[in-house]
Enquirer: 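For reference, the structure I am asking about is given below.
Residues take their numbers from the sequence shown, with the count starting at 1. Remember, it's a predicted structure, so these values are computed and weren't measured experimentally. Side chains are part of it too, since the values below use all heavy atoms of this structure and drop only hydrogens, waters and symmetry mates.
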Amino acid sequence: MCSSDLTCPIEKQLDLLALQLLSQVLMGHDASQMKKFFLDSGLCSQASCLLDDEISEVPFSFIFKGVKKNKVKALEDSLFDELSKIARNGVDPKQIQLALHQFEFSRLEINKDDGPYGLNLFFRSCLPAHHGVDPLQGLSLPSLFKQLRQKLKSPSYLKNLVKKYFLNNSHFVRLFLTPSTRS
């Protein structure tokens, strides 16, 4: 099963960065808040999320594998219940800070694994430019992380993002795919 919500336009670089952080906090590893819940629930065998930040309107997808047909409704209800809990109670600030530190380090590190650093800078600037955004926005990661840290001082910041982009969002799709039994 896949639950995808159309979130922010690529111009909203701060919201995009916050959604990337939220994906790490909620589903980044097996002990992440939501991923652990779904893996322990028995509703699915695998849980992950995907944020496609390379197109003009950014989709955020929760992906569940190994879902039995009779468990789809329960899984969908559980997804909205968990998102509602986060919108009410928030996320452990310690988990946010840990994920933010790791995320910031990975995005700002000069690393040869992703290719030549100059080429990485080029792609960071040309992608926004391709969508009509100032190319310098793609290069302003240090200032974006500074803004994000300021926003995260308010406990309601991530709660409001969850409400805006997942709970009160009418631009979504839910897919359930089953393999064909024909050979």
Side-chain angles (χ1 to χ4, degrees), residues 1-54 57-67 71-109 137 140-174:
M1 183 185 132
C2 178
S3 174
S4 294
D5 294 270
L6 192 60
T7 62
C8 64
I10 198 168
E11 298 92 38
K12 292 188 174 187
Q13 290 283 300
L14 185 59
D15 278 8
L16 181 55
L17 196 64
L19 286 167
Q20 289 169 327
L21 173 67
L22 196 59
S23 75
Q24 288 297 318
V25 170
L26 298 181
M27 302 285 276
H29 52 83
D30 286 352
S32 298
Q33 185 172 341
M34 282 183 66
K35 187 168 188 170
K36 181 173 179 13
F37 169 82
F38 284 109
L39 293 177
D40 292 347
S41 73
L43 295 170
C44 62
S45 59
Q46 295 178 21
S48 61
C49 68
L50 174 69
L51 181 77
D52 189 352
D53 61 356
E54 295 185 356
E57 295 288 331
V58 178
F60 190 112
S61 301
F62 291 97
I63 302 162
F64 303 98
K65 295 182 180 177
V67 180
K71 300 287 184 181
V72 172
K73 177 75 170 123
L75 181 74
E76 187 175 1
D77 291 345
S78 294
L79 175 61
F80 284 106
D81 288 346
E82 287 301 302
L83 289 169
S84 295
K85 284 180 195 172
I86 291 165
R88 276 191 317 274
N89 307 326
V91 180
D92 178 4
K94 186 176 180 179
Q95 293 301 317
I96 294 170
Q97 289 306 314
L98 290 170
L100 180 61
H101 176 72
Q102 182 181 15
F103 181 47
E104 187 174 13
F105 185 74
S106 72
R107 291 293 300 266
L108 297 175
E109 180 184 29
Q137 277 192 12
S140 63
L141 277 176
S143 67
L144 280 173
F145 273 109
K146 186 177 180 180
Q147 290 174 47
L148 182 58
R149 284 187 183 283
Q150 277 301 116
K151 295 272 190 187
L152 288 171
K153 288 181 181 178
S154 167
S156 63
Y157 179 65
L158 287 181
K159 292 178 190 179
N160 289 336
L161 280 179
V162 169
K163 288 176 191 171
K164 178 180 180 179
Y165 290 122
F166 302 112
L167 298 175
N168 300 331
N169 187 351
S170 61
H171 301 283
F172 65 89
V173 65
R174 308 288 181 261

Enquirer: Take L6 and V173 through the test side chain to side chain contact (heavy atoms under 4.5 Å, CB included) and record every step on the way to the result.
Expert: CA-CA 9 Å; L6 192 60; V173 65; over 6 Å; no
Enquirer: Measure across C44 and F38 and return the closest heavy-atom pair with its distance rounded to 0.1 Å.
Expert: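 That would be SG-O, 3.8 Å.
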Enquirer: For L16 and V58, work out which heavy atoms get closest and say how close.
Expert: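 So the two residues come closest at CD1-CG1, 3.8 Å.
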Enquirer: Would you say that K71 contacts L75 through its side chain, given a criterion of any heavy-atom pair below 4.5 Å between the two side chains?
Expert: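 Not in contact.
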Enquirer: Charged N to carboxylate O below 4.0 Å: is that the case for K85 and E82?
Expert: yes
Enquirer: Have a look at Y165 and tell me which of D5, T7, D15, N160 forms a side-chain hydrogen bond (donor to acceptor under 3.5 Å, both in side chains) with it.
Expert: D15
Enquirer: Quick one: does E57's side chain get under 4.5 Å of H171's, heavy atoms only?
Expert: no
Enquirer: Give the C-alpha distance, both sets of side-chain angles, the deciding distance and a yes or no for side chain to side chain contact (heavy atoms under 4.5 Å, CB included) between L19 and C8.
Expert: CA-CA 9 Å; L19 286 167; C8 64; 4.0 Å; yes
Enquirer: Where do S32 and G28 come nearest, in terms of heavy atoms and distance?
Expert: OG-N, 3.1 Å
Enquirer: Any non-hydrogen side-chain atom of F37 less than 4.5 Å from a side-chain atom of S78?
Expert: yes
Enquirer: Are any of the side-chain heavy atoms of Q147 and L17 separated by less than 4.5 Å?
Expert: no
Enquirer: If you round to the nearest 0.5 Å, how far is OH of Y157 from CG of L14?
Expert: 4.0 Å
Enquirer: Will you find, in the side chains of K153 and Q150, an N or O donor that is under 3.5 Å from an N or O acceptor?
Expert: yes
Enquirer: Taking the inter-plane angle between the rings of F62 and F64 on a 0 to 90° scale, is it parallel (under 30°), tilted (30 to 60°) or perpendicular (over 60°)?
Expert: parallel
Enquirer: Do F166 and L22 have side chains that get closer than 4.5 Å, going by heavy atoms?
Expert: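 Yes; the side chains approach each other to less than 4.5 Å.
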Enquirer: Would a 4.5 Å heavy-atom cut-off, applied to side chains only, mark V25 and L158 as touching?
Expert: no
Enquirer: Any idea which heavy atoms bring D53 and Q20 closest together, and the distance?
Expert: OD2-NE2, 2.6 Å
Enquirer: Would a 4.5 Å heavy-atom cut-off, applied to side chains only, mark Q95 and Q24 as touching?
Expert: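 No, side chains not in contact.
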Enquirer: Where is the tightest heavy-atom contact between Q33 and I86, given as atom of each residue plus distance?
Expert: NE2-CG1, 3.6 Å
Enquirer: Decide yes or no for Q46 and I63: does some side-chain heavy atom of the first lie under 4.5 Å from some side-chain heavy atom of the second?
Expert: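 With C-beta onward as the side chain, the pair stays apart.
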Enquirer: So, for L39 and S45, which heavy atoms are closest and what is the spacing to 0.1 Å?
Expert: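 Closest pair (atom of L39, atom of S45, distance): CD2-O, 3.6 Å.
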